[in-house]
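Input: a single structure, listed below in structure tokens.
Quick caveat: nothing in here was measured; it's all calculated off a predicted structure.
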Amino acid sequence: MNLTNGRHDELWRLLEAVCEDELAPAQVARLEELLLADREARRFYLDYIGLHGSLYWDTAVGSDGEAGESPVVGQAAGVPSRVVNDPKLAAPATATGSARGAPRRRAFHRAAAAAVAVLVALGAAVVVFRVQLRDDGHGPAMADRAGPDAPGDPRPPDAAHPEAIPAPPSDVPPSDHQPFTLPGDRRDSGAGQSPVIAAAPGGPAVPAPSPVLPAPRARVAPGSVEAVVAVVNERLRAGWRDVVVEPSPQADDSEWIRRVYLDLVGQIPPADDVERFLDDRRPAVVKRAELIDRLLDEPAYVRHWTTVMTNLLIGRSLDRDVNRPALEKFFRDSFAANRPWNEIAADLVAAEGPDDENGAATFLIAHLNNQAVPATAITARIFLGVQVGCMQCHDHPLNRDWKQEQFWALNSLFKQTKVERTFAVDPRSGRRAERTELVSLPVGDLTYFETPRGVVKAVTPEFFDQPIDPGPEVNRRRELARLMFDGPQPLAARAIVNRLWAHFFGYGFTRPVDDMGPHNPPTHPELLADLADRFVESGYDLQALMRWITRCDAYHLTSRAAAGNAADLPDTGEPPAFSRMYLKPMTAEQLYDSVLVATRADLAAGSSWESVSRRRQEWLQQFVHAFDTEENDEATHFEGTIPQALVMMNGDLVRTAVASDRGTFFAQVAADRTSDVEKIRKLCLAALSRYPTERELRAIRGLVRTAAAQSVRTGRDPQAATIDCLRDVFWACLNSSEFRLVH
């Protein structure tokens with residue numbers, strides 16, 4: 001942390017007081033001051049609260065209960081109040097619960113203190129991957145782009161520097177949005193806040209009976225893309241003027257095509273595609289828009305976004321007892337049909353039935369443990385963009401109007417749900433196999449929780465401040481699926497817009513991207529509101545939203561910082577201005593698939609589909625680091641750890657990729673009867689999606705000549721020495737920062 005030791009100790013004491021519900025008003029103000037003033041303090045707070053929740057449930061609830069089950073402790077029907085304090089309605093066990101609670105909490109805090117101390121100590125030993133910058137500090141190594149003056153670039157000036165994307169009209173009307181308040185926030189959100197967006201369209205898609213969703217609207221018309229993009233551009237330019245920055249120049253075709261391939265289809269472009277794109281003399285705005293449309297129709301788009309959403313919902317680990325293939329099939333079918341987001345989300349939240357028949361049920365099956373606390377927290381975080389996990393134990397420390405009872409009222413929406421495991425005979429194999437099913441129970445029980453002071457309270461179901469009929473005949477998860485997209489300000493529209501913007505730019509309008517609210521205002525409130533409005537009007541069309549983002553001017557800027565935007569450094573904690581494209585590491589899947597695209601290692605002699613699939617899973621597990629939290633978090637980007645670096649440098653895949661085995665791209669290039677210069681150009685184009693600069697070409701040719709000359713003196717075949725040198729060059733490209741980063 002950047003805090004001094006004294007302030008660090010002060011923060012620690014305040015957080016302990018939060019968990020014990022012993023904060024005085026002056027201490028609340030001091031905690032807000034510390035958290036709002038320091039990003040590292042906020043990160044420490046979130047880590048502390050996450051650990052608090054995990055240890056609390058391991059200690060207080062135990063792990064021997066069946067996932068998804070909760071006792072029926074009372075009937076909610078007819079209970080008029082959200083928080084029920086009447087002793088007559090309390091569960092029989094609550095008489096002793098408070099007496100047991102004090103020593104249990106003391107044990108928890110001792111464990112929490114020890115565990116957090118270990119985490120803090122280990123933090124000093126974490127190897128952090130840092131981008132290797134060029135000597136001038138403006139970009140990753142080998143990131144120079146060949147311009148029209150570089151002899152190594154054969155393209156004419158108009159191809160190397162395509163026409164700038166036309167500026168949108170500057171007469172975009174000002175936003176008429178009102179300041180927004182989240183459900184449950186009963187105070188003004190402050191100037192500059194943007195509204196949560198208007199009513200949600202879409203049709204029912206949940207297995208019968210389906211949640212009641214608003215009537216669908218017409219999907220967005222193709223002709224409206226330019227109008228939406230013009231508004232986005234104007235909002236961004238207004239932001240640049242406000243913070244006094246100038247945007248970086250437009251990215252050249254090589255940089256941009258690599259970026260859009262990685263973001264939309266999850267892999268670098270094949271060398272042939274890059275070559276055709278660079279040779280296309282049409283204006284950049286035309287050919288780039290055409291490429292975006294083509295990629296959105298590619299099977300690779302469906303595969304990539306299936307992976308993105310599956311990982312987001314259940315992670316990558318194969319150790320967990322969930323039906324990952326079933327959820328992948330659900331997303332694959334959804335993205336192939338471009339189903340509206342409100343239908344997809346409703347299916348996931350209100351799913352019922354066996355996971356092998358309804359893959360959407362896999363999401364809640366994976367998280368319906370510990371009295372549905374993980375399901376509550378992750379549903380709010382992913383679909384609504386709000387972090388309520390800390391509220392399971394105490395009121396929100398940064399928003400006085402978000403109370404602990406609101407978490408448990410939301411949690412009660414999952415209390416009718418149970419995970420059942422049965423056995424069935426597979427008709428194809430005749431074998432008896434286990435089957436997991438998500439079942440909704442017709443019960444109307446209250447939900448009980450314990451405050452930090454040991455007081456047991458009961459709540460009736462609510463979606464933030466919107467009450468839900470507590471009767472057993474009402475399916476609460478169906479009501480949740482409806483309310484997420486209901487009313488004039490659906491949270492779910494803003495949440496997915498913010499998340500997708502972060503996917504393409506590396507940063508969202510809030511940080512973290514899933515912690516939206518009055519305590520964490522967006523950097524561009526009008527832009528977020530405009531995009532969410534248009535997204536709702538489009539019928540929750542995900543492809544339309546992606547098209548607007550990838551067509552806007554900011555997405556076409558280079559990743560190199562310029563003199564006019566040197567202060568736009570969100571990695572230091574500053575709010576992003578989006579005046580350039582920020583570097584972001586590839587995911588494990590992007591890295592693996594990009595290596596295959598560049599090298600064609602999957603086509604090597606002896607390779608089969610089964611071996612490639614098995615190798616992919618082995619590769620991914622090298623990059624998966626799971627955190628033992630109640631939301632099953634994990635880190636899966638390339639973070640530069642020693643094991644990850646060794647996988648890239650010496651792993652089987654890379655060794656196969658740079659070998660001369662029949663079928664690989666390198667073997668093909670090595671066997672070509674072309675000049676060494678042409679071979680070097682092909683290798684760079686395949687790995688880096690660009691031709692080498694004159695400086696790089698001159699240096700590599702020098703290495704090749706030196707290797708050939710040394711082979712003559714040692715009696716070795718000069719051709720073999722040249723191939724070995726080219727192999728080293730290709731290996732260096734695959735292990736460079738430029739290859740591993742999205743820029």
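Using a 4.5 Å heavy-atom cutoff, the side chains of E589 and V308 are not in contact. Here the side chains of E343 and S334 are not in contact, with every heavy-atom distance at 4.5 Å or above. Residues M309 and L327 are not in side-chain contact: their nearest non-hydrogen atoms beyond the backbone lie 4.5 Å or more apart. F485 has its side chain out of reach of V536: every pair of non-hydrogen atoms, C-beta onward, lies at least 4.5 Å apart. Between D553 and L236, every side-chain heavy-atom pair lies at or beyond the 4.5 Å cut-off. At least one side-chain heavy atom of M484 sits under 4.5 Å from a side-chain heavy atom of F463. Using a 4.5 Å cut-off on side-chain heavy atoms (C-beta onward), L542 and L500 make contact. Inter-residue side-chain proximity for V497 and L528 is flagged as met; some heavy-atom pair is nearer than 4.5 Å.
Note that CZ of F464 and CG of L384 are 5.5 Å apart. Values are rounded to the nearest 0.5 Å. In this structure, I378 CD1 and L312 CG are separated by 7.0 Å, a value rounded to the nearest 0.5 Å. Taken from CG in L364 to CD1 in I314, the straight-line distance is 12.0 Å, to the nearest 0.5 Å. To the nearest 0.5 angstrom, T379 atom OG1 is 9.0 Å from L348 atom CG. Of the inter-residue distances, the one linking L557 atom CG with Y582 atom OH reads 9.5 Å to the nearest 0.5 angstrom. Rounded to the nearest 0.5 Å, atoms CG (L545) and CZ (F504) are 8.0 Å apart.
Distance alone, capped at 3.5 Å, is enough to place a donor-acceptor pair between the S412 side chain and the A409 backbone. Distance alone, capped at 3.5 Å, is enough to place a donor-acceptor pair between the R477 side chain and the A351 backbone. With T587 contributing its side chain and Q590 its backbone, the two residues share a donor-acceptor pair below 3.5 Å. A donor-acceptor pair is defined here as one N or O able to donate and one able to accept, closer than 3.5 Å; such a pair exists between the side chain of D568 and the backbone of A577. For the pair N411 (side chain) and T376 (backbone), a donor-acceptor distance under 3.5 Å is absent. Listed for the R534 side chain is no donor-acceptor partner under 3.5 Å among the backbone atoms of W548.
For W501 against C552, the heavy-atom pair with the smallest separation is CH2-SG, 4.3 Å. Nearest heavy atoms, S579 versus E246: CB-O, 4.3 Å. Residue D541 comes nearest to A544 through the heavy atom pair OD1-N, 3.1 Å, listed as atom of the first residue, atom of the second, then distance. When all heavy atoms of L413 and R476 are compared, the closest pair comes out as O-CB, 3.5 Å. Shortest non-hydrogen contact noted between A375 and F414 is O-CZ, 4.0 Å. The two residues T550 and Y555 make their nearest non-hydrogen contact at O-CD2, 3.4 Å.
Remark: F363 pairs with H367, F383 by the ring-ring contact (aromatic ring centres under 6.0 Å, His included) rule, at least two apart or across chains. A495 is linked by a side-chain contact (heavy atoms from CB on, under 4.5 Å) to nothing, counting only residues two or more places apart in sequence or in another chain. Shown here are the side-chain contact (heavy atoms from CB on, under 4.5 Å) partners of P575, two or more places apart in sequence or in another chain: T523. For T510, the side-chain contact (heavy atoms from CB on, under 4.5 Å) partners two or more places apart in sequence, or in a different chain, are N498, M516, N520, P522. With sequence neighbours left out, T558 forms a side-chain contact (heavy atoms from CB on, under 4.5 Å) with S248, P249, A251, E255, R560.
Taking the six-membered ring where the residue is Trp, W305 and H503 present tilted rings, their angle falling between 30° and 60°. Taking the six-membered ring where the residue is Trp, F505 and F578 present perpendicular rings, their angle passing 60° and hence far from 30°. Below 30°, between 30° and 60°, or above 60°: for H524 and F509 the angle between ring planes is between 30° and 60°, a tilted geometry.
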Inset, instruction - I would like to know whether L296 and N338 meet side-chain contact (heavy atoms from CB on, under 4.5 Å); could you show each step before the answer? - result: CA-CA 10 Å; L296 289 173; N338 193 29; over 6 Å; no
Legend entry - Worked verdict on R235 versus L531 for side-chain contact (heavy atoms from CB on, under 4.5 Å): CA-CA 11 Å; R235 296 296 187 203; L531 275 175; over 6 Å; no
Inset, instruction - May I have the step-by-step check of side-chain contact (heavy atoms from CB on, under 4.5 Å) for L264 and H304, ending in yes or no? - result: CA-CA 7 Å; L264 283 181; H304 174 55; 6.0 Å; no
Inset, instruction - Please assess F331 against T307 for the test side-chain contact (heavy atoms from CB on, under 4.5 Å), listing each intermediate value before the final yes or no. - result: CA-CA 9 Å; F331 276 121; T307 299; over 6 Å; no
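When each of R259, Q250, R288 is paired with H556, the side chain to side chain donor-acceptor pair (under 3.5 Å) condition holds for R288 and for no other.
Looking at D486 and Q466, their side chains never bring a donor and an acceptor atom within 3.5 Å of each other.
Among residue pairs with one or both ends in residues 577-586, those qualifying as salt bridge (charged side-chain N to carboxylate O under 4.0 Å, His left out) are D263-K584; sequence neighbours excluded.
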